[in-house]
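Worksheet for the structure shown next.
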Amino acid sequence: MDRYAVIGNPVAHSKSPWIHAEFARATGQAMTYVAIEAPRDGFARTVSAFRASGGRGANVTLPFKGEAFRYCAATSERARLAQAVNTLVLDRDEPWGDNTDGVGLVRDLEQNLAFALRGRSVLLMGAGGAAQGVAKPLGDAGAARIVVVNRDVAKAQALVDHLAGASGAALRACGYAELAGEGFDLVVNATSVGLSGELPVLPKDLFAPGALAYDMVYGRDTAFLAFARAAGARTADGSGMLVEQAAESFFIWRGVRPDTRAVLTALRVG
Ligand code: NAP
């Protein structure tokens, strides 16, 4: 059995072992996939021990995606642009890293939710690891304009500066107070506020007619989704992104692309 894992802290709640077990069963791959909690100060030690014991690959989740980027001897271009790694390939001479969060979000939007990004205006809330992972892929998928809004505006500006010249979209960074008067086709909550329940003050006219509100947090109704519903927007949680980023990692490791529909249906219903 080839061995894989998701490494995070905390990680016990992770749906990834179940998702990858379903993918392996459906595609006939002989592999195991477990959750490993690394100590906050022990990410590199934990990955190295897993690799030394035969681990062939791993997903990385909060709070280690930046550290995983620095751990890798080499990475994909999308991981370099994101400065964050969520997929480790450990069965090469040196650890190699990729970031599948962006492609996961774009596939969920375009394929599962039938939301075409071409020409759209997008508000990306947050400038942490998740926002860094998806900003460039949203532009690559054709978004015309991406505004990155963050409590710490300097972080949003750093993200925009980092992508300047690499993205086809017009980019702007701002704070929440500067949002009034702009209607967006897509608003993505890439902050961690969904977990705590507090929401930054958002203007009522945030959503253009027919807009989609997407919360990266999955499996629960959040203050952001409730706000969006009340404002008349269509809503989606991050289950589809979770499944699609997992499918891309699975493809990188196994060379087989699993069908995501059954897993996504079970996760959304469950
Ligand atoms: P992170 O690096 O810790 O970044 C957190 C972000 O949230 C920062 O931009 C931070 O703003 C903002 N924030 C935190 N509390 C806030 C508040 N009270 N008001 C306004 N903004 C606040 O976390 P991350 O890795 O980017 O993850 C963000 C979320 O995405 C998490 O909930 C994670 O579970 C989810 N996620 C889901 C998927 C999926 O597959 N569905 C994949 C990746 C991530 P400041 O910079 O101003 O502090």
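In listed order, ligands and their atoms are each counted from 1.
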Distance-only side-chain donor-acceptor flag, [X] / [Y], under 3.5 Å:
| X | Y | answer |
| --- | --- | --- |
| N59 | Y33 | yes |
| D108 | Y214 | yes |
| T260 | R107 | no |

Proximal atoms of ligand 1 relative to [X] (non-hydrogen, under 4.0 Å):
| X | result |
| --- | --- |
| P200 | 20 (C) |
| V217 | 32 (O) |
| Y218 | 41 (N) |
| G238 | 41 (N) |
| G128 | 2 (O), 4 (O), 9 (O), 26 (O) |
| G126 | 9 (O) |
| K155 | 45 (P), 46 (O) |
| N150 | 8 (C), 9 (O), 10 (C), 11 (O), 45 (P), 46 (O), 47 (O) |

So is G104 close enough to ligand 1, meaning a heavy atom under 4.0 angstrom away?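 G104 does not count as a contact of ligand 1 under the 4.0 Å cut-off.
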[X] to ligand 1: N or O pair under 3.5 Å?
| X | result |
| --- | --- |
| A130 | yes |
| Q245 | no |
| V193 | no |
| D152 | yes |
| K65 | no |
| L62 | no |
| E198 | yes |
| D101 | no |
| A131 | no |

Of W253, F251, F250, which meets ring-ring contact (aromatic ring centres under 6.0 Å, His included) against F23? F250
Counting neighbours of CZ on R261 that are heavy atoms of other residues, nucleotides or ligands and sit closer than 6.0 Å, is the number greater than 12? no
side-chain contact (heavy atoms from CB on, under 4.5 Å) between F43 and I7, worked out: CA-CA 8 Å; F43 173 74; I7 300 172; 3.9 Å; yes
Locate the shortest heavy-atom distance separating M1 from T32; write the atom from each residue and the value.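 Looking at all heavy atoms of both residues, the shortest contact is CB-CG2, 4.1 Å.
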Report the C-alpha distance between K15 and Y218 in whole Å, list the side-chain angles of each, state the deciding distance to 0.1 Å, and finish with yes or no for side-chain contact (heavy atoms from CB on, under 4.5 Å). CA-CA 10 Å; K15 302 261 190 250; Y218 53 86; 4.0 Å; yes
Test log, rule side-chain contact (heavy atoms from CB on, under 4.5 Å), inputs L123 and V188: CA-CA 6 Å; L123 178 67; V188 177; over 6 Å; no
How does A190 reach ligand 1, by side chain, by backbone, by both or by neither, if only non-hydrogen atoms under 4.0 Å count?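 Just the backbone.
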Regarding atom 12 (C) of ligand 1: of the candidates T191, L159, V243, which has the closest heavy atom?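 Minimum heavy-atom distance to atom 12 (C) of ligand 1 goes to T191.
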Quick check with a 6.0 Å cut-off and a 45 degree axis cone: is R56 positioned over the face of F50's six-membered ring?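 The answer is no; the distance or angle limit is not met.
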Could you give me the CA-CA distance, side-chain angles and deciding distance for N150 and Q157, then say whether side chain to side chain donor-acceptor pair (under 3.5 Å) is met? CA-CA 9 Å; N150 200 42; Q157 191 61 55; over 6 Å; no
Using salt bridge (Lys or Arg N to Asp or Glu O under 4.0 Å) as the criterion, point out the one residue from D101, D140, D98 that pairs with R78. D98
